[in-house]
Each structure stands twice: as structure tokens, then as C-alpha cells.
A.B. asks: 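I have a structure I would like to understand better, so I am pasting it below and will then ask my questions one at a time.
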Amino acid sequence: MSEMDNPLTEAFFYILLALRKPNHGYGITQEVEEITKGRVVLGAGTLYGALQTLQKRDWIRVYSLDTESRKKKEYILTDAGRQAFERERARLEELLNNAKMMGEK
């Protein structure tokens with residue numbers, strides 16, 4: 001099993017979810033907090049470390065660079081990132097379905 005096939009961390013999962021449309025670092029943290037109703041708060045170190053790793057895996061790319069305001073970068077999912085996210089979504093769905101099925105027995 002390669003590193004690419006391992007289950008995603010919660011931070012990676014939510015970052016990929018937040019990047020279904022172009023978004024910058026602060027926007028990602030805000031969206032993740034909103035989606036999770038404040039349960040998940042991404043610190044700067046976690047966020048930017050994850051963004052670096054996701055770029056190395058070619059799961060996200062720089063979408064645009066704002067040269068007017070502190071060189072703010074926007075990121076977006078690549079096709080490989082969408083596939084990785086979908087694999088993880090399907091894996092999580094299987095886990096939930098299995099738990100529900102076992103709960104009914």
C-alpha cells in the first residue's frame with residue numbers, strides 16, 4: 001500500500017473539501033471551521049504543512065497568486081486530488097454502512 005492509498009488525516013480531508021473551488025489559506029481555515037461548526041480548527045503550521053504535502057502529491061495546485069496583497073496564493077484541487085478525495089469519501093461511507101449494518105443485527 002503506497003502513501004497515496006493510506007486513509008486521509010482529518011486535516012487533509014477537510015482541506016481537500018474546502019478546495020473544491022479556489023481558496024486561499026485563511027479561507028480554507030474559515031471554511032473548515034464553518035463546515036465542522038468549530039470542532040476542527042486548523043493552525044497555521046498544520047495548514048501550510050498540509051498544503052505543501054498536498055502539492056507534492058499533486059493533489060492541489062496554485063490557482064492564482066495575488067501580487068497586490070501580500071502575495072496571497074489561492075489553491076484548487078487537481079484531478080488526482082479529486083480522485084483521492086473520492087476514494088476517501090467512499091472508504092468512509094463503507095465504514096458507516098458497515099457500522100449501521102452491524103448495529104441492526
A.B. asks: Hydrophobic side-chain clustering at under 4.5 Å (ILVMFWY, transitive links): who's grouped with Ile76? Put none if nobody.
C.D. replies: Tyr63
A.B. asks: Could you report the tightest heavy-atom contact between Ile28 and Ala18, atom names first, then the distance?
C.D. replies: CG2-CB, 4.1 Å
A.B. asks: I want to check something: taking the side chain as every heavy atom from C-beta on, are Ile15 and Leu54 in contact at a cut-off of under 4.5 Å?
C.D. replies: yes
A.B. asks: Determine whether a donor-acceptor pair (N or O, by modelled atom type, separation under 3.5 Å) exists between the side chain of Arg20 and the backbone of Leu17.
C.D. replies: yes
A.B. asks: Side chains of Glu10 and Val40: closer than 4.5 Å at any heavy-atom pair?
C.D. replies: yes
A.B. asks: Measure the spacing between CD1 of Ile60 and NZ of Lys73 and express it to the nearest 0.5 Å.
C.D. replies: 9.5 Å
A.B. asks: Quick one: pull up OG1 in Thr36 and CD in Glu33 and give me the separation to the nearest 0.5 Å.
C.D. replies: 7.0 Å
A.B. asks: So do the side chains of Leu8 and Arg91 get within less than 4.5 Å of each other, counting heavy atoms only?
C.D. replies: no
A.B. asks: Quick check for you: to the nearest 0.5 Å, what is the distance between Glu74 atom CD and Lys21 atom NZ?
C.D. replies: 9.5 Å
A.B. asks: Check Pro7 against Glu88 and note the closest heavy-atom contact, atom names and distance.
C.D. replies: CA-OE1, 3.6 Å
A.B. asks: Shortest non-hydrogen contact from Leu19 to Tyr75?
C.D. replies: CD2-O, 3.3 Å
A.B. asks: Can you hop from Leu47 to Tyr26 via hydrophobic side chains spaced under 4.5 Å?
C.D. replies: no
A.B. asks: Any salt bridge linking Glu93 with Arg89? Criterion: basic side-chain nitrogen under 4.0 Å from a carboxylate oxygen.
C.D. replies: yes
A.B. asks: Please name all residues satisfying ring-ring contact (aromatic ring centres under 6.0 Å, His included) with Phe13, sequence neighbours left out, ordered by chain then number.
C.D. replies: Phe85
A.B. asks: Run the side-chain contact (heavy atoms from CB on, under 4.5 Å) check on Leu77 and Trp59 step by step: do they pass?
C.D. replies: CA-CA 6 Å; Leu77 284 177; Trp59 289 359; 5.6 Å; no
A.B. asks: With no hydrogens and no angle check, do the side chains of Glu31 and Asn23 hold a donor and an acceptor under 3.5 Å apart?
C.D. replies: yes
A.B. asks: Of the non-hydrogen atoms in Leu42 and Ala11, which two are nearest, and what is the gap between them?
C.D. replies: CD2-CB, 3.8 Å
A.B. asks: Once rounded to the nearest 0.5 Å, what's the spacing between atom NE2 of His24 and atom OG1 of Thr29?
C.D. replies: 8.5 Å
A.B. asks: Which heavy-atom pair separates Gly25 from Tyr48 by the least distance, and what is that distance?
C.D. replies: CA-OH, 3.5 Å
A.B. asks: Tell me the closest heavy-atom pair linking Ala50 and Phe12, and the distance in Å.
C.D. replies: CB-CE1, 3.4 Å
